[in-house]
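Let me begin by presenting the structure, written as structure tokens, before commenting on it.
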Amino acid sequence: MRRTVRQAARATVQLAGAAALGFFSYLFVTVLLFVAAGTLLLVGAGLLPEAVLLVRRMAGAKRRQVEGWTGREIPEAYLPLTGPLRKRLRSAVRDPGTHTDLRWMVAYYAYGLLAVLAVPLWVVGLPVDGVRCGLLRREAVVLPLISRVADLDAAWSTALLKPSPKARLAERVEELTATRAGAIAAHGAELRRIERDLHDGTQARLVSLSMRIGLAQRAHGHDPETVRKLLADAQDEAQEALTELRHVVRGIHPPILTDRGLAGAVRALAASSGLDVTVRVQGLDDGAQRGARAPAAVEAAAYFVVAEALTNAAKHSGSDRAGVWLAGTRTGLRVLVRDEGRGGADEKGGSGLVGIRRRVAALDGTVLVTSPPGGPTVIDVELPCVW
């Protein structure tokens with residue numbers, strides 16, 4: 001009986017919160033009607049986006065109530081209400097999330113009064129269930145109905161507040177627009193870096209090589225010693241130009257990925273990083289056993305993540321140890337890089353984390369950075385792919 005009473009009390013608190021929200025929704029209808037009438041008269045159009053934002057807050061409060069009772073989150077999908085008034089009005093009216101919230105508010109006028117049922121259930125349940133549990137040693141039958149009412153309120157709210165497929169599609173379009181912009185920015189930055197490397201490095205080497213060969217041709221036949229020196233210098237210039245070209249190619253797509261796979265390429269990175277790096281591989285081609293290989297674009301992104309993370313660890317962490325974990329999951333590739341440094345990584349401080357996020361977002365992946373003061377810093381990346 002004691003456990004039944006506690007559960008009924010918890011359900012009553014949940015229903016009381018639902019009733020309070022329903023009361024505020026009743027009051028808010030007057031505001032909505034006023035705004036709607038003002039919008040039709042072109043007087044209160046500026047109030048419409050603010051009213052929609054208030055509806056979103058009320059719907060969000062209901063979502064949190066339901067999550068607290070059921071333990072399951074109700075996702076939300078809204079278009080942003082930003083920009084000039086005309087744009088905000090258009091977004092407020094066309095947003096499928098607005099239609100979902102208004103549908104819930106209308107329905108909540110009816111089932112928002114379910115909380116009233118808790119009062120007679122308590123009045124009847126205490127004596128009836130007290131006799132059944134205390135004297136007859138049977139299960140309670142009335143007080144558990146309060147939890148059923150709370151479950152019914154949560155179920156109806158979940159069904160009404162769940163984003164529609166159209167709203168999810170609109171949210172997905174917004175997300176893809178943002179990731180595409182980031183991918184284009186990252187691609188532009190990469191092209192500028194390649195152009196700068198070729199112009200300042202390789203091109204200058206080739207110009208110097210051409211000049212030395214020209215001087216050697218002029219000195220040919222009358223100054224053999226100068227010719228030999230110029231040709232030796234030209235050979236050095238050619239070797240340095242080849243080295244810089246290899247560096248540029250590695251920045252586009254490291255050949256070692258093709259030759260040794262992601263696991264082998266990461267081990268080479270770890271060996272040349274200057275840190276004591278532990279590499280663990282699970283479910284990939286690690287050179288010792290033949291495993292699955294991710295698509296080339298996914299491997300290149302993962303390689304870049306590890307390279308950038310190890311560079312950051314060497315420069316900023318203050319630690320000489322790091323760990324890399326590569327794993328092939330059912331839905332993609334997971335990369336985790338951890339260092340034991342001082343932590344406090346700042347994405348706005350030029351740490352390269354923005355570049356990592358852009359590269360990963362272009363492939364519809366996710367990045368989770370954990371770096372509390374005092375460390376450790378953990379970069380957890382998931383890249384979706386088909387094996």
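In what follows, residues are counted from 1 in the order of the sequence shown.
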Original post:
When you look at Leu161 and Asp101, which way does the side-chain contact (heavy atoms from CB on, under 4.5 Å) test go after all the steps?
Top reply: CA-CA 7 Å; Leu161 289 173; Asp101 290 349; 4.0 Å; yes
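- Side-chain contact check for Asp320 versus Asp276: every heavy-atom pair is 4.5 Å or farther apart.
- Using a 4.5 Å cut-off on side-chain heavy atoms (C-beta onward), Arg267 and Val281 make contact.
- Side-chain contact between Leu81 and Arg56: present, with at least one pair of heavy atoms (C-beta onward) separated by less than 4.5 Å.
- Taking the side chain as every heavy atom from C-beta outward, Asn312 and Val337 never approach each other to under 4.5 Å.
- In the hydrophobic cluster analysis, where Ile, Leu, Val, Met, Phe, Trp and Tyr join through side-chain heavy atoms closer than 4.5 angstrom, Leu333 is grouped together with Val279.
- Residues Val277 and Val324 form a side-chain contact, since some pair of their non-hydrogen atoms from C-beta on lies under 4.5 Å apart.
- For Arg357, the side chain to side chain contact (heavy atoms under 4.5 Å, CB included) partners at least two apart in sequence or on another chain are Glu347, Val367, Val369.
- In this structure, the ring-ring contact (aromatic ring centres under 6.0 Å, His included) partners of Trp156, at least two apart in sequence or on a different chain, are Tyr111.
- Within a 6.0 Å radius of CZ in Arg94, no more than 12 heavy atoms belonging to other residues, nucleotides or ligands are found.
- Put simply, the side chain of Asp153 does not reach to within 4.5 Å of the side chain of Trp69, judged on heavy atoms.
- A heavy-atom distance below 4.5 Å is not found between the side chains of Glu67 and Arg63.
- Side chain of Arg342 to backbone of His316: a donor-acceptor contact under 3.5 angstrom is found.
- Residues Val93 and Thr98 have side chains not in contact (no heavy-atom distance under 4.5 Å, counting atoms from C-beta outward).
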